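Written out below as structure tokens is the structure these notes cover.
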Amino acid sequence: MQIFQVKSNRRTPTTGSLLLASPLLHDYHFARTVILTVTHSEEESMGLIINKNFRYRLYLNQLIPELAEGPVIPIYKGGPVERNTIFFIHTLADLEGAFDLKNGLYLNGNFEALQAYILEGNPIAEKMRFFAGYAGWGKGQLTDEIAEDSWIVSSPDGKQLLETPANQMWEYCMSELGDPYRLWAKYPLYPSFN
């Protein structure tokens with residue numbers, strides 16, 4: 001008999017929706033993750049983990065010499081695929097080449113223009129976040145994982161995602177869905193330690 005049973009809401013993710021890891025998902029890369037969906041189709045899906053830090057902090061200023069004298073900008077762990085690729089989400093609707101995520105956020109865009117924006121002293125906090133790597137799924141894989149109750153799909157307020165500290169985001173997003181998700185948000189990461 002299962003006393004604590006987590007069920008997915010079985011919603012289909014779309015561009016800009018969130019995938020919230022089931023509290024029972026204990027995969028090294030995906031436990032307690034919040035993934036911002038970039039694309040989802042029958043053939044493949046892609047998203048960015050937006051609430052995980054690297055074990056050893058990584059900063060954009062370390063990677064981009066032009067930003068060495070600028071403000072310190074952390075890079076988060078976007079996923080286990082292509083960790084040598086930097087992605088960024090932001091609220092700069094007029095940034096050339098930015099991809100609209102349909103939730104008040106945009107993905108990437110003209111990086112030289114973004115560097116100029118940063119070096120001019122414009123606000124960064126609550127306006128943008130940077131990620132190394134992404135999460136990807138092959139044909140039908142994400143749909144299967146949702147059917148197996150590994151993910152709960154949510155429609156976020158993009159601005160709120162940039163305002164919420166990364167280490168509080170999973171619990172916050174889960175609680176925002178109301179009951180029974182609010183209860184699941186309190187489920188301990190390691191129940192046997194209680």
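Since we're looking at a predicted model, the values are computed, not measured.
Contact annotation: the side chain of F131 approaches that of I50 to within less than 4.5 Å [non-hydrogen atoms, C-beta and beyond]. The closest side-chain heavy-atom distance from V153 to L18 is not below 4.5 Å. Proximity of I75 to L63: side-chain heavy atoms (C-beta onward) are separated by under 4.5 Å at one or more points. Side-chain contact between Y106 and L95 is absent, with no heavy atoms from C-beta onward closer than 4.5 Å. No side-chain heavy atom of V38 sits under 4.5 Å from any side-chain heavy atom of T15. Proximity of L20 to Y181: side-chain heavy atoms (C-beta onward) are nowhere separated by under 4.5 Å. For the pair L142/L19, a side-chain contact is recorded, criterion being any heavy-atom separation below 4.5 Å from C-beta on. Looking at L105 and L162, their side chains come closer than 4.5 Å, going by heavy atoms from C-beta outward.
Put simply, CD on E148 and OG1 on T143 are 11.0 Å apart, with the number rounded to the nearest 0.5 Å. Rounded to the nearest 0.5 angstrom, D157 CG and K159 NZ are separated by 7.5 Å. Interatomic distance, CD of E126 versus OG1 of T164, reported as 9.0 Å (0.5 Å rounding). Distance CG/L25 to CH2/W151: 5.5 Å, rounded to 0.5 Å. If you take CG on L58 and CD1 on I73, they are separated by 12.0 Å, rounding to the nearest 0.5 Å. Expressed to the nearest 0.5 Å, how far CG of L36 lies from CZ of R129 amounts to 11.0 Å.
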What pairs of donor and acceptor atoms, side-chain ones from residues 165-176 against any protein atom, are under 3.5 angstrom apart with sequence neighbours left out?
unit_1, atom_1, unit_2, atom_2, d
W170, NE1, A21, O, 2.9
E171, OE2, K186, NZ, 2.5
S175, OG, E171, O, 2.9

Between side-chain atoms of residues 82-92 and protein atoms elsewhere (two or more places apart, or another chain), which donor-acceptor pairs fall under 3.5 Å?
unit_1, atom_1, unit_2, atom_2, d
R83, NE, G79, O, 2.9
H90, ND1, L92, N, 3.1
H90, NE2, N108, O, 2.7

What side-chain donor-acceptor pairs closer than 3.5 Å can you find for residues 110-118, not counting sequence neighbours?
unit_1, atom_1, unit_2, atom_2, d
N110, OD1, E112, N, 3.0
N110, OD1, A113, N, 2.8
Y117, OH, P123, O, 2.9

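Two different hydrophobic clusters hold I49 and L24 under the rule that ILVMFWY side chains link at heavy-atom gaps under 4.5 Å. Hydrophobic cluster membership differs between Y134 and I35, with clusters built from Ile, Leu, Val, Met, Phe, Trp and Tyr side chains linked at under 4.5 angstrom.
Taking both residues in full, the closest heavy atoms of N61 and V72 are given as OD1-CA, 3.4 Å, listed atom of the first, atom of the second, then distance. Between A135 and F30, the shortest heavy-atom contact is CB-CE2, 3.9 Å. Annotation for F54 and A132: closest pair CZ-CB, 3.8 Å, computed over non-hydrogen atoms. Closest approach of G70 and L119 over heavy atoms only: CA-CD2, 4.3 Å. Across all their heavy atoms, G136 and V81 have their closest contact at N-CG2, 4.3 Å. Nearest approach of G133 to L48, heavy atoms of both residues: O-CD2, 3.5 Å.
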Would N53 and Y76 satisfy side-chain contact (heavy atoms from CB on, under 4.5 Å), going step by step from the backbone distance to the final call? CA-CA 5 Å; N53 288 310; Y76 297 91; 3.1 Å; yes
Decide side-chain contact (heavy atoms from CB on, under 4.5 Å) for T14 and T37; before the verdict, give the C-alpha distance in whole Å, the side-chain angles of both, and the deciding distance to 0.1 Å. CA-CA 7 Å; T14 59; T37 307; over 6 Å; no
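More than 12 heavy atoms of other residues, nucleotides or ligands lie within 6.0 Å of CZ in R10, so this atom counts as buried by the packing criterion.
Between the side chains of R11 and S17, no donor-acceptor pair of N or O atoms lies under 3.5 Å.
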